[in-house]
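Below is one structure, written out as structure tokens, with a few remarks after it.
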Amino acid sequence: MSNENVLRIDGEVETSCEVTFDDLAAINASQQIADVSQFDPKRQGDAVKLSGLLQLVGAKDSAKYIGLHGTLDNFHASIPLAPVRDRAFVIYRLNGQPLDVKAGGPFRFYIPDHAACHTDEIDECANVKFVDHIELTAERGFDNRPDDDDEHAKLHEKEHNA
Ligand SMILES: Nc1nc2c(c(=O)[nH]1)N[C@H]1C(S)=C(S)[C@@H](COP(=O)(O)O)O[C@H]1N2
Ligand SMILES: [Mo]
């Protein structure tokens with residue numbers, strides 16, 4: 001079982017948390033999204049709304065940016081919180097099981113209606129896979145999304161051959 005996997009949520013919050021698959025599944029129904037294909041036909045699985053996670057930790061008013069950290073492949077994004085707080089979600093379950101790493105699991109951040117890669121702070125590249133740490137910050141935090149077209153093209157090539 002990959003139930004060992006934890007997602008840490010900390011920074012500008014009242015109570016830092018480490019949540020597991022079971023913790024996410026236990027969040028109340030109003031914060032759950034069954035079948036994310038309603039937002040993007042290419043995506044599958046169930047998600048919990050970012051707003052549900054923010055409630056859990058008690059996001060402070062000082063939280064202006066959300067940092068999405070993927071330790072597995074050292075990929076990080078930091079984006080403004082306000083535009084995504086009521087629409088982003090974390091996909092964590094497929095067919096009742098933890099989301100497979102092949103699909104970006106165990107926890108995959110997802111923003112519906114993201115901008116195309118490289119066109120905005122809130123772009124497709126910010127849909128961070130293998131997220132193990134969500135960090136709320138007052139200022140923009142660490143972000144290593146490629147900002148150079150060649151580097152970005154290489155990253156996509158690597159992802160699609162993985
Ligand atoms: N951990 C991690 N997340 C990542 C990436 C990555 O290389 N590592 N690439 C990003 C980029 S550049 C894009 S465009 C999307 C692609 O998601 P997809 O492979 O599901 O289409 O994932 C984003 N999330
Ligand atoms: Mo991207």
Side-chain angles (χ1 to χ4, degrees), residues 2-3 5-94 96-101 103-117 119-145:
S2 37
N3 276 8
N5 291 304
V6 295
L7 170 57
R8 178 165 181 82
I9 310 168
D10 64 10
E12 298 297 311
V13 301
E14 302 295 342
T15 320
S16 299
C17 266
E18 286 194 344
V19 293
T20 62
F21 173 88
D22 290 339
D23 297 327
L24 295 185
I27 291 177
N28 72 59
S30 68
Q31 298 296 331
Q32 303 279 343
I33 297 172
D35 189 3
V36 299
S37 72
Q38 58 184 299
F39 293 99
D40 178 345
K42 295 197 306 265
R43 307 287 154 190
Q44 290 181 293
D46 306 322
V48 64
K49 296 178 187 173
L50 175 60
S51 54
L53 298 179
L54 298 180
Q55 265 174 29
L56 202 69
V57 294
K60 293 185 180 168
D61 289 345
S62 53
K64 300 296 184 211
Y65 279 80
I66 177 166
L68 304 155
H69 301 289
T71 304
L72 187 69
D73 66 347
N74 188 32
F75 190 85
H76 310 265
S78 175
I79 60 175
L81 180 59
V84 301
R85 71 179 304 152
D86 293 321
R87 62 185 171 116
F89 47 77
V90 172
I91 309 170
Y92 69 97
R93 184 171 61 201
L94 182 63
Q97 296 298 312
L99 188 69
D100 198 87
V101 77
F107 308 111
R108 200 220 167 127
F109 192 76
Y110 195 81
I111 311 150
D113 311 317
H114 50 255
C117 292
T119 59
D120 191 89
E121 271 185 299
I122 300 169
D123 67 357
E124 184 168 10
C125 314
N127 287 333
V128 179
K129 307 171 195 182
F130 339 118
V131 181
D132 56 357
H133 182 192
I134 291 179
E135 185 183 19
L136 301 180
T137 55
E139 307 287 337
R140 189 163 193 250
F142 186 62
D143 191 320
N144 65 358
R145 283 178 287 171

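These values consider heavy atoms only, across backbone and side chains, with no hydrogens, waters or symmetry-generated copies. Throughout, numbering of the chain's residues begins at 1 and tracks the sequence.
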Check whether Asn144 reaches the backbone of Asn74 with its side chain - one donor and one acceptor, N or O, closer than 3.5 Å. yes

d(Leu68 CG, Glu135 CD) to nearest 0.5 Å is 10.0 Å

Taken to the nearest 0.5 Å, the spacing of Glu14 CD from Lys60 NZ works out to 5.5 Å

Spatial distance of atom CG (Asp46) from atom CD1 (Ile91) [nearest 0.5 Å]: 9.5 Å

For Asp61, is the CG atom crowded, meaning more than 12 foreign heavy atoms sit under 6.0 Å from it? no

Over all atoms of both residues, closest heavy-atom pair of Ala77 and Val128: CB-CG2, 3.9 Å

Closest non-hydrogen atoms of Val57 and Cys17, given as atom of the first, atom of the second and distance, are CG1-CB, 3.8 Å

Nearest-0.5 Å distance, OG of residue Ser78 to CZ of residue Arg145: 8.0 Å

Indicate yes or no for a side-chain donor-acceptor contact from Asn127 to the backbone of Ile111 under 3.5 Å, with no hydrogens or angles considered. yes

Using a 4.5 Å cut-off on heavy atoms from C-beta on, say whether the side chain of Val48 contacts that of Val19. no

Taking all non-hydrogen atoms of both residues, which atom of Ser51 and which atom of Gln31 are closest, and how far apart? OG-OE1, 2.8 Å

Please tell me if the side chains of Ile27 and Leu56 come closer than 4.5 Å, counting only heavy atoms from C-beta onward. yes

Exactly one candidate in Phe107, Phe109, Phe21 meets ring pair (Phe, Tyr, Trp, His ring centres under 6.0 Å) with Tyr92; the answer is Phe21

Backbone N/O of Ala26 and side chain of Asp23: donor-acceptor pair under 3.5 Å: no

Pair listing, ring pair (Phe, Tyr, Trp, His ring centres under 6.0 Å) test, anchored in residues 26-59, at least two apart: Phe39-Phe89

What are the two closest non-hydrogen atoms of Ala138 and Glu12, and how far apart are they? N-CG, 4.0 Å

Taking all atoms of both residues into account, what is the closest heavy-atom pair of Ser30 and Lys49, and its distance? O-NZ, 3.1 Å

So for atom CD, which belongs to Glu139, do other residues, nucleotides or ligands contribute more than 12 heavy atoms lying within a distance under 6.0 Å? no

Heavy-atom pair with the smallest gap, counting every atom of His76 and Phe142: CD2-CE2, 3.5 Å

Salt bridge (charged side-chain N to carboxylate O under 4.0 Å, His left out) with Asp10: which residues, sequence neighbours excluded? Arg8

Quick one: are Arg85 and Ile66 in side-chain contact, heavy atoms under 4.5 Å? no

Nearest 0.5 Å, what's the CD1-CG distance between Ile134 and Leu54? 8.0 Å

Output, in order, the C-alpha distance, side-chain angles, deciding distance and verdict of side-chain contact (heavy atoms from CB on, under 4.5 Å) for Val90 and Val131. CA-CA 9 Å; Val90 172; Val131 181; over 6 Å; no

With side chains defined as the heavy atoms from C-beta onward, is the minimum distance between Asp40 and Pro112 less than 4.5 Å? no

By ring-ring contact (aromatic ring centres under 6.0 Å, His included) - contacts of His114 (at least two apart): Tyr110

Point-to-point distance, once rounded to the nearest 0.5 Å, from CG of Leu24 to CG of Leu7: 6.5 Å

